[in-house]
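Report on the structure given below.
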Amino acid sequence: MERLHKWKMALKHAANLSGYHFNPRNNGYEYEFIQQIVRFISNQINRVPLHVVDYPVGLQRQVLKVYSLLDVRSNDEVKVVGIYGPGGMGKTTLAKAVYNFIADQFECVCFLHNVRENSTKHGLEHLQNDLLSQTVGFEFKLRNSSEGISTIKQRLQRKKVLLILDDVDELKQLQALVGGLDWFSVGSRVIITTRDKHLLASHGIDVTYEIRELNKKEALELLRWKTFKGKQVNSSYEHVLKRAVNYASGLPLALEILGSNLFGKHIEEWNSLLDRYERIPNKGIQKILKVSFDALEEDEQSVFLDIACCFKGYKLKEVEDILCAHYSQCMKYHIGVLVEKSLVKISRRGYVRLHHDLIEDVGKEIVRTESPKDPEKRSRLWFREDIFQAFEKNSGSQVEMIHLEFPLPEKIEEWKGDEFKKMESLKTLTIKNSSFVSKPQVQLPNGLRALEWPRYPSQHIPSDFRPKNLSICKLPNSDLTSFTLANSLKERMFLCMKVLHLDDSKCLTEISDVSGLQNLEEFSFQRCENLLTIHDSVGFLYKLKILNAEGCSKLRRFPPIQLPSLQKLELSFCKSLKNFPEILGKMESIQTICFRETLIEELPDSFQHLTKLIQLVLLVAEAHQLLIRIPSSILMMPKLNKLRLCGYHLLPNQSDKPSSMVSSKVKYLRLDECKLKDDSLPIILKLFANLTHLDLSLSNFTILPECIKEHQSLISLNLDDCTRLQEIRGIPPNLKFLSALNCELLSSSCTSMLLNQELHEVGGTIFCLPGKRIPEWFELQSRGWSFSFWIRNRLPSISLLYTTESMINKSCLGRFCLPVAQLYINGRECTFDDPLKGDYIWIKSDHTYLLNLNLQDMVGLDETFLKNEWNHAHVLINPLRFRKSQMHIFKQESSMDDIQFSDPYKKRELDDDVDDVFYDVDDVLDGDDDDDKTTHCNG
């Protein structure tokens with residue numbers, strides 16, 4: 001019966017196969033049409049697929065993504081796609097898989113393996129001849145690459161070609177093999193794999209795909225298969241398997257090598273081998289990853305080793321400053337090259353990372369092999385045992401950089417203090433998270449250029465320390481006294497010093513004469529709680545850009561300042577400071593001034609000399625009860641863009657009338673806790689007619705006047721804790737963010753107006769309102785915390801609506817950063833661009849939160865969204881304390897033919913050639929939706 005059933009299914013499948021329909025109008029002569037069929041069938045029969053991998057994991061989505069970028073169905077142009085990423089990530093594997101998937105759709109195909117290696121060994125002419133041999137079928141005796149270029153153009157200009165160039169590392173290779181799009185017929189496709197993103201850009205290739213490491217689930221699956229060959233895994237191996245996966249950092253090459261070496265081994269052998277690899281990387285992995293390092297120029301190699309050994313996880317600006325001091329030149333370009341070569345990456349928040357941990361290991365191993373047994377002979381030291389071994393030998397003439405950071409605060413018992421004296425080549429010294437039982441008399445080498453030592457253990461700067469090139473000096477939490485600092489600065493000229501940090505120095509009572517620091521650009525002594533006086537010379541450091549005295553709570557007077565280069569002045573929490581410093585002449589570089597929680601009652605007339613001021617923050621100290629008037633002349637400063645006042649009265653003179661006032665250019669205005677009333681609000685709105693962001697929280701007005709509709713540029717309005725607010729008479733036409741938390745007197749008609757569908761159809765709105773109201777236009781209600789739908793072509797906007805539970809005490813249930821949801825496209829998470837730029841929204845009981853999100857703005861969308869295909873979208877809500885969640889899709893953004901709420905792939909059979917590429921599109925796009933419970937209310 002089973003055999004009969006198979007026969008029936010086969011016959012049914014054969015009956016449903018569509019043939020080739022001949023139409024004389026479209027297909028020309030019949031014999032030409034037959035030739036096309038014969039050619040197509042011959043390509044399918046004769047072409048031998050490339051071997052990809054024995055066990056493909058995590059390859060499916062990447063194949064589909066590159067297929068989407070290639071847009072193979074379009075025959076009106078030649079397309080080139082670049083695949084880039086570090087070595088060992090599987091670029092070649094991906095290119096082979098894509099080749100197998102689409103090769104049958106081309107007249108001739110060519111896969112050139114190892115372009116970098118073969119170009120070096122055999123020359124470009126060999127590669128050109130190989131290309132012609134695979135596509136045309138003839139052997140050519142090319143005399144030079146110029147002849148090869150002409151031959152390729154002549155022979156392939158009329159052919160629809162699939163060309164894959166694997167592991168390209170020089171521009172001349174691209175120029176010789178795929179110099180221009182006019183070399184091939186329309187419909188041709190070229191794929192280039194490389195480690196160098198900049199190389200692709202240099203050749204005008206702007207369609208690129210960055211290959212990603214395997215996630216932990218995929219990595220664990222691959223490692224299990226390599227080590228146990230599909231056999232059941234003993235549970236006792238689970239911990240060591242996870243350890244191996246963490247070591248491999250999602251790198252397929254590392255997992256392959258680890259799996260081969262660990263196959264058939266006992267747990268003890270696994271741990272032993274991993275211990276060894278964590279000390280000394282595997283040579284096979286090292287060889288592949290080191291290729292990118294070897295291709296760097298000498299300066300770039302040095303910067304890479306610095307980052308790998310010492311500065312991973314630092315802010316980019318900090319790394320640039322330290323390396324600039326270390327090498328006495330700007331290193332921004334060098335860091336940029338490392339990013340383009342897929343060795344270093346910069347996070348969205350500006351932190352420096354390595355592409356994965358094994359690349360870091362490569363850098364550290366390169367330095368270790370400089371002198372495997374004598375660490376004092378290496379260029380960089382970062383490992384505690386190596387540093388202390390160098391100390392014991394009281395040597396280290398070749399060490400240029402030391403980075404000693406203890407994972408936890410640790411007390412050091414035996415340290416003489418003279419360990420650094422003989423390190424004559426030492427330029428950069430960083431010691432963090434340490435403290436000392438005794439107080440050693442530290443001696444420092446005069447060659448230092450960058451010094452960072454929190455909790456510097458000595459009360460003195462060495463008397464013989466005379467560094468001519470010291471550029472960065474950060475000694476926070478030190479025991480330095482005013483006396484030792486004064487002597488050090490007086491007796492020695494620190495002519496090159498640009499950065500001086502003395503933050504949290506409890507013994508510092510005075511900033512002494514710093515007139516010798518004429519190149520100083522950044523001076524910070526924040527939270528020096530016992531600081532009483534500052535020498536007048538601080539006000540005449542002409543190159544100073546940042547001056548930070550925040551938290552000096554006993555400071556009563558700040559000297560006059562004439563700082564033409566100053567960009568930021570921070571005086572916040574100087575709770576004894578009564579007067580703002582006098583401004584001596586114009587300071588046209590100033591951008592930001594902050595003095596929160598001070599006793600400053602008025603600003604001097606000389607404040608108007610700060611003509612380029614952009615941001616001003618003034619908050620009255622809690623004990624200061626008066627509302628202080630701010631002169632309108634300051635509000636009208638030509639460059640002033642951001643203004644925050646708390647406890648200050650910013651109204652102009654009483655004689656000024658709204659009709660006669662000139663509008664301020666301020667765009668960001670915060671008036672929280674200014675207790676504004678109904679009579680003053682219209683004047684404020686008239687005075688600040690160019691606002692984009694307005695914060696009126698904790699005010700006393702009862703009506704938001706209709707004139708606010710005139711604020712065409714206003715996109716953000718905060719009315720939190722305006723507990724007397726009853727009515728909103730107007731809404732700015734371009735408003736995107738509105739928060740009215742705890743505005744319990746706000747009328748229901750106003751709430752309904754704010755939840756009107758037309759207000760949110762444009763997209764990007766975020767409204768937080770009192771009460772629990774669910775508009776009728778919300779069509780999808782989640783019984784759980786997720787929604788699923790399928791989309792193609794254009795991504796729609798979606799609105800998410802949450803309501804919070806009621807509580808007797810109306811307490812705060814926490815806070816969140818937007819958007820309180822994760823979106824997965826085809827199983828890969830995409831992140832929303834945060835419209836509040838990291839600001840929090842408080843979750844209050846008995847409130848409604850409406851978030852309108854434009855899926856087009858997601859970060860990571862380009863890597864996962866498939867063009868001209870159905871894409872599975874899965875919205876996962878973070879429950880927190882929300883009671884209900886509902887969703888609406890704005891259909892006018894997309895045709896309803898491009899949105900479905902059930903899996904479209906379950907409605908049709910997949911082509912056999914998809915199965916040949918070892919995956920099923922249904923598996924890729926379907927995802928795990930068993931837990932989704934979504935009700936279509938109005939759909």
Side-chain angles (χ1 to χ4, degrees), residues 318 409 411 431-439 442 451-461 472-490 494 497 499-514 517 520-539 541 544-561 563 566 568-582 592-601 617-625 644 646-647:
E318 194 172 5
K411 288 190 175 182
I431 300 178
K432 293 184 176 182
N433 238 1
S434 65
S435 59
F436 296 80
V437 175
S438 59
K439 299 293 182 182
V442 176
L451 171 63
E452 183 176 4
W453 196 337
R455 300 186 184 278
Y456 175 74
S458 178
Q459 293 181 337
H460 307 280
I461 294 176
I472 298 175
C473 182
K474 297 182 180 181
L475 302 174
N477 275 297
S478 71
D479 291 331
L480 290 175
T481 64
S482 301
F483 175 76
T484 57
L485 181 65
N487 287 342
S488 300
L489 296 176
K490 184 177 180 180
F494 293 87
M497 187 176 292
V499 178
L500 177 58
H501 286 189
L502 301 171
D503 306 336
D504 300 293
S505 297
K506 309 303 180 188
C507 299
L508 199 62
T509 59
E510 178 187 4
I511 299 295
S512 52
D513 187 353
V514 292
L517 305 180
L520 197 63
E521 296 179 1
E522 185 175 326
F523 192 12
S524 177
F525 42 88
Q526 56 184 326
R527 296 181 300 277
C528 292
E529 298 174 354
N530 294 306
L531 184 67
L532 298 174
T533 59
I534 297 175
H535 193 272
D536 285 356
S537 60
V538 171
L541 298 171
L544 195 65
K545 296 179 180 180
I546 298 175
L547 180 56
N548 192 340
E550 179 181 334
C552 297
S553 55
K554 295 182 181 180
L555 183 66
R556 295 179 177 274
R557 174 188 173 273
F558 206 92
I561 57 176
L563 303 169
L566 192 68
K568 181 177 182 180
L569 175 62
E570 178 61 82
L571 299 175
S572 295
F573 306 107
C574 294
K575 297 185 177 182
S576 301
L577 188 63
K578 293 185 177 181
N579 296 303
F580 189 85
E582 192 71 27
T592 302
I593 294 178
C594 300
F595 49 102
R596 294 172 285 181
E597 299 286 330
T598 71
L599 295 179
I600 296 175
E601 295 187 0
V617 179
L618 302 87
L619 281 77
V620 176
E622 292 181 6
H624 208 352
Q625 300 297 322
R644 184 184 179 190
C646 180

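Side-chain contact of Ser512 with Glu510: a donor-acceptor pair under 3.5 Å is absent, judged by distance alone.
Looking at residues two or more places apart in sequence or on another chain, you find a side chain to side chain donor-acceptor pair (under 3.5 Å) between Glu522 and His501.
Taking CG of Leu475 as the start and CD of Glu452 as the end, the distance is 9.5 Å to the nearest 0.5 Å. With values rounded to the nearest 0.5 angstrom, Leu508 atom CG is found 8.0 Å from Leu480 atom CG. Note: Leu544 CG to Glu521 CD = 8.5 Å, rounded to the nearest 0.5 Å. Interatomic distance, Leu500 CG to Ile472 CD1, rounded to the nearest 0.5 Å: 11.5 Å. We find the NZ-OG1 distance between Lys575 and Thr598 to be 11.0 Å, quoted to the nearest 0.5 Å.
The closest side-chain heavy-atom distance from Val442 to Trp453 is below 4.5 Å. Taking the side chain as every heavy atom from C-beta outward, Tyr456 and Asp479 never approach each other to under 4.5 Å. Here the side chains of Ile511 and Phe525 are in contact, with some heavy-atom distance below 4.5 Å. With a 4.5 Å cut-off on side-chain heavy atoms, Leu571 and Phe580 count as touching. By the 4.5 Å heavy-atom criterion applied to side chains, Phe558 and Leu547 are counted as neighbours.
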Compile the donor-acceptor pairs under 3.5 Å between side chains in residues 526-539 and protein atoms, sequence neighbours left out, one pair per line.
residue	atom	partner	partner atom	Å
Gln526	NE2	Asp503	OD2	3.4
Arg527	NE	Asp504	OD1	2.9
Arg527	NE	Asp504	OD2	3.4
Arg527	NH2	Asp504	OD2	3.1
Asn530	OD1	Lys554	NZ	3.0
Asn530	ND2	Lys506	O	2.8
His535	ND1	Ser537	N	3.0
His535	ND1	Ser537	OG	2.9
Ser537	OG	Asp513	OD1	3.3
Ser537	OG	Val514	N	2.9

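Heavy atoms only, all atoms of each residue included: Pro581 and Pro559 are closest at CB-O, 3.4 Å. Taking all atoms of both residues into account, the shortest heavy-atom contact from Ser505 to Ser478 is OG-OG, 3.5 Å. Nearest heavy atoms, Val499 versus Lys474: CG1-CE, 4.0 Å. Closest heavy-atom contact between Leu569 and Ile561: CD2-CD1, 4.2 Å.
Listed for the Glu570 side chain is a donor-acceptor partner under 3.5 Å among the backbone atoms of Ser572. Under a 3.5 Å cut-off, the side chain of Ser576 and the backbone N or O of Ser553 do form a donor-acceptor pair.
Atom NZ of Lys578 has 12 or fewer heavy atoms from other residues, nucleotides or ligands within 6.0 Å. Atom CZ of Arg644 has more than 12 heavy atoms from other residues, nucleotides or ligands within 6.0 Å. Within a 6.0 Å sphere centred on CZ of Arg557, other residues, nucleotides and ligands contribute more than 12 heavy atoms.
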